[in-house]
K.L.:
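The following block contains the structure, expressed as structure tokens.
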Amino acid sequence: MTVRTRFAPSPTGRLHLGNVRAAAFNWLLAKHHGGSFVLRIEDTDADRNVAGGEEAILEDLSWLGLDWDEGPDIGGEYGPYRQSVRDNHYLATIQGLLERDAAYACFCTTEQLAAEAEEYDDGRTAQRYSGKCRNIEIDERFERVSAGEAHCIRIAVPEDIQSINIKDEIFGSISFATNEIEDFVVQRTDGRFTYNFAVVVDDIGMEISHVIRGVGHLSNTPKQAILFDVLSAPRPVFGHLPTVLGADGKKLSKRLGATAVAELRAQGFPPDAVLNYLSLLGWSHPEEKEVLTRSDLIGAIGLERVGKSDTQLDEEKLRWVSSRHLGMEELQEIADHVRPFVDTGMFPEALTNFQATVDALRTRLSTYGDINEHLEVLYPDEGDAEEKRQGIGSDPEVRKVLTAVQKRLIILPAWDPEALDQAVRAGGKDVEARGAALFHPVRKLLIGSEKGPDLGKILAALGRPEALRRFDQGCS
RNA sequence: GCCCCCAUCGUCUAGUGGCCUAGGAUAUCGCCCUCUCACGGCGAAGACCGGGGUUCGAGUCCCCGUGGGGGUACCA
């Protein structure tokens, strides 16, 4: 069987981590099985669509590397991929349903429905539509429809079965009593189609094999299953993912913030790290490995190891996963990734010897964007820096050490971390200083603090002219 | 109201009746490495929602309760 998964967001704005987690599972699963990942935009409800919403979604997915094989922008043989332009499919399907009496026209008004609900409310059972229009004689029905009487189309929920059973790859077998399910509307009085109906028609039409989505949809599944059955289409494999909650344990809101993909991107999280972290929400690697590359993920993903309980976002853990991903990068690579995040207005000199700079600071970065807060260490405010350096050199003992190191540095032919480290030690040896007595004053002179990266790396990052300039200030 | 689902350290989780005096990860704390910081290594502390069953034996199975989530829409 060809595996075809899909992600079907509404264009209501930026993607939050819960949505993206669903997209990620679908993508990973498709890749795992060598299948296709389809992107479909559910823009049925025009009022809720946000301008630019679709573009934002495509951008967020692309950034995460969740590329689609078929979608609104690139088309595909099962198109179109926007619900708003698939009316002909829905109409044709409804027509077929009507002809087979699997659906019927309902003339009840909202008021009638409300009155009926009240009447049937015995306080003990589900309140649902009685299905009375289902019994209208065929001739009468034809006449009323022909006369243009307002009506919607409802599904005639099968009465010959007592329950409808859903097999969910994550939640197991779940059954719903048929009499709990009312004859639900598939086409509204105004002609628009309902969500439950459109998804099923599209999933059938696009030959989707696996429907992986949030548990929020589990309760809708029986209705959809009825539709698949009534349309004589094989039901797809269902898999409902547990809900992703915010760090506060509450539902992810539209007010996104730190839970938006775009925000994470702006903060400088690597896409692979985000994908890695997201995959760990509700799923675990068979060997409980947690730092996983994209291909590790593709190889190991599966619905078998997905849990059922809701999960909470934990930014600390995300940062940890991210730091491990940065740790896997080559120096050249990480430097290239960090570069765009440097605040050059604040640190105009940071980009010179940039690779050495990143080398000095990389172990303290969890994200690319963290660079700026560590650049401050190397490039403190120059305002009173000179004065401070002079102050350090004013102590004769310290001065002796600094001068000795300075001499060694001036004659040093190479300017790489190892050679620099050796030169500093040699300078110290010249005046019999070592350990803290040697390193602390030198570091204090260079960056204004005794604590910080290895001296060799600091010197390499500053570069010869800048480093010697700071020595001059301290030793003049 | 009615229906469906969920429930292990703060958080992410392992765990499918005996391997569990519950394992890992993160965060926290301590020690080590080291000139210092960061990284790394080692260690400590920290959980089976409650109550009944079933069983020789239950975190694991069943029932009830509690808490949380979803549905009950001519929302998606």
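Note on naming: letters A, B, ... go to the chains in the order of the sequence lines (proteins, then strands), and numbering restarts at 1 for each one. Worth saying up front: this structure is predicted, and the values here are computed from it rather than measured.
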K.L.:
If I pick the P atom on B:rU13 and the same atom on B:rG51, what distance separates them, to the nearest angstrom?
P.N.:
26 Å
K.L.:
Once hydrogens and angles are ignored, does a donor-acceptor distance under 3.5 Å link the base of B:rA76 to the side chain of A:Asn220?
P.N.:
yes
K.L.:
Is the A:His240 ring parallel, tilted or perpendicular to the A:Phe238 ring (thresholds 30°, 60°)?
P.N.:
parallel
K.L.:
With a 4.0 Å cut-off on heavy atoms, is A:Leu438 in touch with a base, just the backbone sugar-phosphate, or nothing at all?
P.N.:
nothing
K.L.:
Could you check which of B:rC74, B:rU11, B:rA7 has an atom nearest any side-chain atom of A:Arg154?
P.N.:
B:rC74
K.L.:
In terms of the nearest nucleotide of RNA chain B, which residue is placed more toward the 5' end: A:Glu288 or A:Ser175?
P.N.:
A:Ser175
K.L.:
At less than 3.5 Å, do the side-chain atoms of A:Lys317 and the base atoms of B:rA27 form a donor-acceptor pair?
P.N.:
no
K.L.:
Of the candidate nucleotides B:rU26, B:rG24, B:rC4, which contains the atom at the shortest distance from the side chain of A:Phe176?
P.N.:
B:rC4
K.L.:
Would you mind classifying the nucleic acid contact of A:Asp190 as base, sugar-phosphate or nothing, using non-hydrogen atoms under 4.0 angstrom?
P.N.:
nothing
K.L.:
When the nearest nucleotide of RNA chain B is assigned to A:Phe439 and to A:Leu361 on a heavy-atom basis, which residue is associated with the more 5' position?
P.N.:
A:Phe439
K.L.:
Sort out the partner of B:rG59 for me: Watson-Crick or G-U wobble, both distances under 3.5 Å, none otherwise.
P.N.:
none
K.L.:
By nearest atom, which of the nucleotides B:rU13, B:rA76, B:rC12 is closest to the A:Gln312 side chain?
P.N.:
B:rC12
K.L.:
Taking pairing as Watson-Crick or G-U wobble with both contacts under 3.5 Å, can you name the mate of B:rC2, or confirm there isn't one?
P.N.:
B:rG71
K.L.:
Start with the C-alpha gap between A:Lys407 and A:Asp430, add the side-chain angles, then the distance that decides, and say whether salt bridge (Lys or Arg N to Asp or Glu O under 4.0 Å) holds.
P.N.:
CA-CA 10 Å; A:Lys407 278 182 186 155; A:Asp430 293 340; over 6 Å; no
K.L.:
Across the strands shown, which category fits A:Arg305 at heavy-atom distances under 4.0 angstrom: base, sugar-phosphate, nothing?
P.N.:
sugar-phosphate
K.L.:
Which one, B:rA27, B:rC6, B:rC35, comes nearest to the side chain of A:Ser309?
P.N.:
B:rC6
K.L.:
Using salt bridge (Lys or Arg N to Asp or Glu O under 4.0 Å), reason through A:Glu169 and A:Lys167 one step at a time and then give a plain yes or no.
P.N.:
CA-CA 7 Å; A:Glu169 293 301 308; A:Lys167 185 164 176 284; 3.0 Å; yes
K.L.:
Quick one: which of B:rC74, B:rG71, B:rU36 gets closest to the side chain of A:Thr189?
P.N.:
B:rC74
K.L.:
Among the candidates B:rG69, B:rC74, B:rC6, find the nucleotide nearest to the side-chain atoms of A:Lys251.
P.N.:
B:rG69
K.L.:
So does A:Arg364 get a side-chain nitrogen or oxygen closer than 4.0 Å to the phosphate oxygens (OP1/OP2) of B:rU36?
P.N.:
no
K.L.:
Determine, step by step, whether A:Asp202 and A:Arg86 satisfy the salt bridge (Lys or Arg N to Asp or Glu O under 4.0 Å) criterion, reporting the C-alpha distance in whole Å, the side-chain angles of both residues, the deciding distance to 0.1 Å, and the verdict.
P.N.:
CA-CA 9 Å; A:Asp202 289 343; A:Arg86 291 179 62 82; 2.6 Å; yes
K.L.:
Paired with B:rG30 by Watson-Crick or G-U wobble geometry, both distances under 3.5 Å: which nucleotide is it?
P.N.:
B:rC42
K.L.:
For A:Gly452, report the nucleic acid contact type (base, sugar-phosphate, nothing); a contact means any heavy atom under 4.0 Å.
P.N.:
base
K.L.:
With both distances under 3.5 Å as the test, what is the Watson-Crick or G-U wobble partner of B:rA7?
P.N.:
B:rU66
K.L.:
Check the distance between B:rG69's C1' and A:Arg213's CZ and give it to me in whole angstrom.
P.N.:
16 Å
K.L.:
With a non-hydrogen cut-off below 4.0 angstrom, is A:Pro242 in contact with a base, only sugar-phosphate, or nothing?
P.N.:
nothing
K.L.:
Is the base of B:rC35 touched by the side chain of A:Arg443 through a donor-acceptor pair closer than 3.5 angstrom?
P.N.:
yes
K.L.:
I'd like the C1' distance from B:rU8 over to B:rA22, given in whole Å.
P.N.:
8 Å
K.L.:
Measure from the side chain of A:Glu290, starting at C-beta and using heavy atoms only, and say which of B:rC35, B:rA76, B:rG24 lies closest.
P.N.:
B:rG24
K.L.:
Write down the distance separating the C1' atoms in B:rA14 and B:rC19, rounded off to the nearest Å.
P.N.:
14 Å
K.L.:
If you look at every strand shown and take non-hydrogen atoms under 4.0 Å, does A:Gly307 touch a base, only sugar-phosphate, or nothing?
P.N.:
nothing
